[in-house]
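Reading through the structure tokens given below for one structure.
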Amino acid sequence: MPDSENPVAADFIRTLIRKDNETNRFGGRVHTRFPPEPNGYLHIGHAKSIVLNFGIAEEFDGLCNLRFDDTNPSKEDTEYIESIIEDVHWLGYDWGNRLFHASDYFDQLYEYAVQLIKLGKAYVDDLSAEELRQQRGTLTEPGIESPYRNRSVSENLDLFQKMRSGEFPDGSRTLRAKIDMKSPNLNMRDPVMYRIKKESHPHTGDKWCIYPMYDYTHCVSDSIELITHSICTLEFEDHRPLYDWFLDQLNLYHPQQIEFARLNLSYTIMSKRKLLQLVKERYVSGWDDPRMPTISGLRRRGVTPESIRTFCDRIGVAKNDSTVDIALLEFCIREDLNKRAVRVMGVLNPLKVTLTNYPENQVEYMECINNPEDESMGTRLVPFCRELYIDYDDFREIPPSKFYRLSPGREVRLRYGYFIRCQEIVKDEKGNIIELRCTYDPETRGGFAPDGRKVQATIHWVSAQHALNAEVRLYDRLFNIPNPLGENENTQFTDFINPNSLTILQNCKVEPSLQSAKPTERFQFERVGYFCIDSRDSRPDCLVFNRTVTLKDIWAKIEASLNQKKS
RNA sequence: UGGGGGUUCGUCUAGUGGUAGGACAGCGGACUCUGAAUCCGUAUGCCGAGGUUCGAAUCCUCGACCCCCAGCCA
């Protein structure tokens with residue numbers, strides 16, 4: 001489903017593919033793939049790749065496979081496989097019957113390895129990991145050839161067969177490609193193709209005790225699947241000669257590999273290893289903690305798949321290392337939610353308001369618009385009575401300049417309600433404001449003044465008698481600096497976790513229409529932000545809302561600059 | 001002091017020899033029963049130095065800076 005509103009992007013990858021189609025290089029075929037390793041949850045950086053690969057397939061009437069790069073059973077898990085499938089589907093993509101695993105090709109890969117041995121292009125090495133590392137050389141010095149490099153084909157065949165049948169302990173031997181220990185490209189210095197790991201595999205069980213390395217597996221898998229354009233990230237650029245070498249030696253079909261820059265986002269991190277650390281060390285509640293940049297975290301936070309796709313389209317694709325401002329993501333989220341979220345009224349920090357001239361037991365039902373951006377979403381009736389709650393933030397005993405909201409003696413409008421004027425402040429013994437006593441103007445029902453008089457502000461409210469109690473979780477950026485990784489050598493990214501990334505409000509009051517709200521449903525709390533029902537913890541008798549993102553807040557800016565002037 | 005990539009507004013990104021454009025962020029304004037949304041306006045940029053050319057972000061030369069590679073990880 002390409003964004004029909006947006007013109008088709010003209011990034012360098014699509015330009016290349018168009019050229020390939022013009023020259024009929026792949027017979028007009030376009031076949032991509034998204035190849036995650038199931039060793040963690042998908043994050044928004046993966047979303048960039050997913051949207052790119054599946055998006056290109058759609059645009060060019062091609063296909064996109066989902067393939068698990070599951071060559072290392074020590075790190076991989078079915079929990080991750082399931083989450084990845086769910087996340088890619090949720091983003092809106094489908095791979096038909098083309099769900100593959102690199103492990104589907106283990107037999108074929110083994111045969112190809114035997115073939116390379118027979119060709120004299122691969123050998124069994126008895127060096128330990130440590131010895132191998134020492135002999136690899138450095139960036140500026142060539143490596144040295146292993147003493148086992150020139151074993152005979154028959155000995156290699158025999159040894160490799162014995163590796164497979166489990167006759168050697170883990171780590172004791174490897175199968176290596178015989179290329180060039182002096183190559184300036186370290187990937188070409190006789191890279192390991194197979195290692196011994198007597199571990200059971202999430203997909204192949206106990207069938208294998210040797211597992212192929214990524215570099216060998218990946219290029220052959222792409223070739224087997226007849227991928228036309230293998231789109232990957234920049235760090236694999238100098239692996240390409242190795243992929244070409246394998247495919248050339250085996251005389252196999254060559255996909256075109258194209259590398260692009262991975263996504264970095266300000267105020268968060270994208271490394272799966274570090275995200276795992278946040279989970280394991282309990283900085284967050286799990287992979288789907290709404291502060292996490294994971295797809296599942298964003299989903300639980302209330303972000304829509306459409307806004308993620310729009311975001312991925314807008315950031316573009318190039319080869320520059322780049323860090324996208326998270327404000328762009330937030331913009332895409334607001335833009336989408338503005339069109340689709342039902343407006344409701346919710347009071348986060350309740351301040352009681354009594355309308356002293358309003359009849360004691362009267363209840364009126366005010367008609368409220370569900371979404372001014374979409375008339376078809378209709379209206380609803382919200383109860384109004386003598387005692388209400390408004391937000392603490394909407395009242396100031398001593399209003400600063402440019403503060404338009406309620407203050408002593410001042411008149412404001414209650415949205416869809418009445419004009420009210422603050423007459424009296426009630427305080428407890430400590431001096432905290434606990435109640436406002438106000439009068440309302442019966443002539444202004446619905447919020448309209450027949451005499452045409454204006455108020456400077458309209459504020460939201462809920463009826464005290466009808467309000468639902470709710471817990472609201474205010475989420476903010478996970479880190480308090482744009483680049484938590486790059487501060488300096490003496491700091492860790494965990495030093496910069498935003499202590500205010502989660503604020504839990506227990507005593508919130510929301511309008512009664514929310515009683516029937518279902519998990520993951522999204523709302524705009526007018527004047528406050530976008531919220532969704534938490535999919536894990538919300539219950540009908542105790543609603544839990546997650547703040548997805550705030551509304552743009554001009555007043556907060558003014559206030560911040562006022563405070564800055566003071567100090 | 002090896003190899004591979006990269007450098008265009010604050011941030012992403014177009015532009016491939018002919019007026020440097022868009023988006024977000026910023027700033028200013030209009031409108032407003034959400035200080036939202038919407039609308040309008042506006043500042044800011046070709047890594048540097050030479051060269052070729054009527055004309056260079058684009059071509060050439062030299063330089064600077066940034067990223068990736070020394071896992072039996074992917």
Side-chain angles (χ1 to χ4, degrees), chain A residues 9-11 35-37 39 69-72 74-76 125 127-129 132-134 136-143 170-176 183-189 191-197 210-211 213-215 217-218 232-241 259 261 263 266 272-273 314-332 334-335 338-339 343 345 369 372-373 402-405 412-417 419 444 446-449 454-460 482 524-529 550-558:
Chain A
D11 55 74
E37 183 192 13
N39 68 341
D69 252 325
D70 54 351
T71 55
N72 185 357
S74 350
K75 290 187 174 179
E76 295 153 11
D125 198 341
L127 255 26
S128 70
L132 200 157
R133 186 159 60 80
Q134 282 168 358
R136 185 157 20 232
T138 68
L139 295 180
T140 51
E141 300 162 282
D170 281 14
S172 60
R173 279 170 228 257
T174 57
L175 183 74
R176 287 229 263 166
S183 172
N185 180 347
L186 304 211
N187 296 118
M188 303 297 274
R189 317 243 263 228
V192 172
M193 293 171 60
Y194 272 90
R195 74 287 218 191
I196 303 171
K197 266 178 193 281
I210 55 171
Y211 290 97
M213 298 291 291
Y214 170 84
D215 279 330
T217 308
H218 193 80
C232 65
T233 43
L234 253 25
E235 68 269 27
F236 295 107
E237 207 147 16
D238 50 15
H239 293 230
R240 195 171 355 130
E259 306 86 3
L263 171 65
S266 61
K272 270 200 261 185
R273 215 196 92 244
R314 285 201 186 145
I315 58 177
V317 188
K319 297 189 77 156
N320 312 335
D321 289 314
S322 62
T323 301
V324 174
D325 191 339
I326 199 166
L328 177 60
L329 208 215
E330 293 168 347
F331 172 83
C332 294
R334 288 190 188 104
E335 179 185 50
N338 177 48
K339 287 182 292 189
R343 270 59 169 172
M345 291 194 281
I369 295 166
E373 306 287 323
K402 294 186 183 163
F403 181 87
Y404 301 148
R405 282 109 94 146
V412 300
R413 171 167 38 230
L414 294 178
R415 175 137 235 227
Y416 302 119
F419 285 16
T444 57
F448 305 96
K454 301 279 186 202
V455 287
Q456 282 206 96
T458 298
I459 65 173
H460 56 98
Q524 183 196 96
F525 286 11
E526 291 212 28
R527 306 206 309 126
V528 180
T550 62
L551 247 32
K552 201 170 137 196
D553 190 348
I554 296 287
W555 165 244
K557 250 182 223 171
I558 295 170

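Here the structure is a predicted model, which means the values were calculated and not measured. Convention: sequence-line order gives letters A, B, ...; per-chain numbering from 1. For the numbers below, each heavy atom of this structure counts, side chains included, while hydrogens, waters and symmetry mates do not.
Here the separation of B/rC24 from B/rC62, taken at their C1' atoms, is 37 Å to the nearest Å. B/rA64 and B/rA49 have their C1' atoms separated by 10 Å, given to the nearest Å. For the P atoms, the distance from B/rC31 to B/rG35 is 16 Å, rounded to whole Å. Atom C1' of B/rA20 sits at a distance of 38 Å from the matching atom of B/rG2, rounded to the whole Å.
A syn orientation is assigned to B/rG71, its glycosidic angle lying within 90° of 0.
Contact annotation for A/F403: base contact, defined as any heavy-atom pair under 4.0 Å involving a base atom.
Under 3.5 Å, the side chain of A/Q524 and the base of B/rU34 form at least one donor-acceptor pair of N or O atoms.
In the set B/rU34, B/rA70, B/rC73, the nucleotide with an atom closest to the side chain of A/R527 is B/rU34. If you check B/rA74, B/rG71, B/rA70 against the side chain of A/R133, the one that comes closest is B/rG71.
When the side-chain nitrogen and oxygen atoms of A/R413 are compared with OP1 and OP2 of B/rU34, none of them lie within a distance under 4.0 Å. Between A/K197 and B/rC73 there is a side-chain polar atom (N or O) within less than 4.0 angstrom of OP1 or OP2. OP1 and OP2 of B/rC73 both lie 4.0 Å or more from every side-chain N or O belonging to A/S74.
A donor-acceptor contact closer than 3.5 angstrom is absent between the side chains of A/S183 and A/N185.
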